[in-house]
S.K.: 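Below you will find the structure I want to go over with you.
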Amino acid sequence: MRLYHGTSSRHLESILENGLLPRGDGASNWSAASSAERVYFTDAYALYFAQSSRKETSEDLVIVEINTDLLPDRARLQADEDAAWFIWRSGEMAHKFHPPTGMTDKHEQGMHFSTLLENLSECGLGHGRSLALLGNCSHKGSIPPSAITGMLRYSVADGPWWLAFHDPSISPMNYRFNGAEYRATQLVVAGRLDEARQVEQVIPGFLDLDFVEEICASRRTEIPLPPWNMQSSGEGAGRAA
């Protein structure tokens with residue numbers, strides 16, 4: 001399975017050398033802080049997460065593709081805490097995992113669930129359900145360079161062009177109805193137009209994928225990967241038709 005991580009070009013050198021690392025002591029991009037020990041993935045929103053990672057207007061967008069079959073320990077691929085939060089709010093979660101009584105701030109509740117994702121995975125809330133619900137999941141610990149199968153850099157020189165086709169509202173309801181279109185768009189952004197055309201959309205999407213590819217193609221640069229992943233070159237990004 002291929003998943004995507006969106007980030008800023010300021011991390012490019014580190015990714016090429018070390019793979020994808022959790023933020024650790026670094027600041028979170030979000031007011032509801034992400035887990036310091038996790039790397040986050042999506043099948044729908046990498047471009048959105050990439051632009052959210054930028055700190056300076058000069059920073060380009062970077063889309064990293066991984067092949068989950070190449071992970072050393074796939075059990076570390078787990079849910080996203082936001083998915084856990086939505087499942088808890090829907091009343092489908094065992095009481096023993098609920099936030100402490102009196103914890104009413106949703107950001108604190110999210111952090112509570114981020115510490116339980118390994119246990120939740122054992123109870124049926126794994127990365128698969130998280131992706132199906134919200135389009136996102138997480139990985140506990142770093143991603144080695146050998147699991148990275150493609151990297152694309154997108155220029156931001158002419159402004160927020162991505163808003164022409166990708167300004168998502170991330171929620172289970174929106175993903176339920178628009179997830180197929182988001183996944184197709186993500187594949188175009190990943191340089192996989194032919195695969196994007198094959199995504200079945202029960203509810204017809206509003207976007208013309210060829211139009212999205214036209215916007216992306218002129219701003220896309222494929223980043224050559226070091227020799228560590230040459231055995232998986234057939235899974236690489238940047239294969240737009």
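Being a predicted model, the structure only gives us computed values, none of them experimental.
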S.K.: Before you tell me yes or no, could you show the steps for R183 and E200 under salt bridge (charged side-chain N to carboxylate O under 4.0 Å, His left out), namely the whole-Å CA-CA distance, both residues' side-chain angles and the distance that decides it to 0.1 Å?
M.R.: CA-CA 10 Å; R183 289 192 298 274; E200 182 179 358; over 6 Å; no
S.K.: Please determine whether the number of non-hydrogen atoms from other residues, nucleotides or ligands lying under 6.0 Å from atom CD of Q201 exceeds 12.
M.R.: yes
S.K.: For S138, which residues count as a side-chain hydrogen bond (donor to acceptor under 3.5 Å, both in side chains) partner, sequence neighbours excluded?
M.R.: R38
S.K.: Under the side-chain hydrogen bond (donor to acceptor under 3.5 Å, both in side chains) test, which residues partner R176, sequence neighbours left out?
M.R.: none
S.K.: Name all residues meeting the side-chain contact (heavy atoms from CB on, under 4.5 Å) criterion together with A94; count only those two or more places apart in sequence or in a different chain, and write none if there are none.
M.R.: K96, F97
S.K.: ring-ring contact (aromatic ring centres under 6.0 Å, His included) with Y154: which residues, sequence neighbours excluded?
M.R.: W161
S.K.: Say you draw a straight line from CZ of R23 to NE2 of H11; how long is it, rounded to the nearest 0.5 Å?
M.R.: 11.5 Å
S.K.: Determine the minimum heavy-atom distance between Y45 and Q186, stating which atoms define it.
M.R.: N-OE1, 3.7 Å
S.K.: Side-chain contact, heavy-atom cut-off 4.5 Å: L20 with I15?
M.R.: yes
S.K.: List for me each residue that meets salt bridge (Lys or Arg N to Asp or Glu O under 4.0 Å) alongside D105, sequence neighbours excluded, and say none if there are none.
M.R.: none
S.K.: The criterion is side-chain hydrogen bond (donor to acceptor under 3.5 Å, both in side chains); which residues satisfy it with E195, sequence neighbours excluded?
M.R.: R2, R192
S.K.: Identify every side-chain donor-acceptor pair in residues 121-129 under 3.5 Å, counting partners at least two apart or on other chains, and give the distances.
M.R.:
residue, atom, partner, partner atom, Å
H127, ND1, L77, O, 3.4
R129, NH2, E92, OE1, 2.6

S.K.: Using the salt bridge (Lys or Arg N to Asp or Glu O under 4.0 Å) criterion, which residues pair with E118? Sequence neighbours excluded.
M.R.: K140
S.K.: What is the minimum heavy-atom distance between A44 and T42, and which atoms define it?
M.R.: N-OG1, 2.9 Å
S.K.: Excluding sequence neighbours, so at least two apart, what forms ring-ring contact (aromatic ring centres under 6.0 Å, His included) with Y175?
M.R.: none
S.K.: Not counting sequence neighbours, which residues clear side-chain contact (heavy atoms from CB on, under 4.5 Å) with P224? List them please.
M.R.: none
S.K.: Can you name the residues that form a side-chain hydrogen bond (donor to acceptor under 3.5 Å, both in side chains) with Q51, not counting sequence neighbours?
M.R.: none
S.K.: To the closest 0.5 Å, what do you measure between SG (C216) and CG (L47)?
M.R.: 7.0 Å
S.K.: In terms of side-chain geometry, is the basic nitrogen of R54 or D60 positioned less than 4.0 Å from the acidic oxygen of its partner?
M.R.: no
S.K.: Mind listing the side-chain donor-acceptor pairs of residues 164-173 below 3.5 Å, one per line with the distance, residues two or more places apart or on another chain?
M.R.:
residue, atom, partner, partner atom, Å
S171, OG, N174, N, 3.2

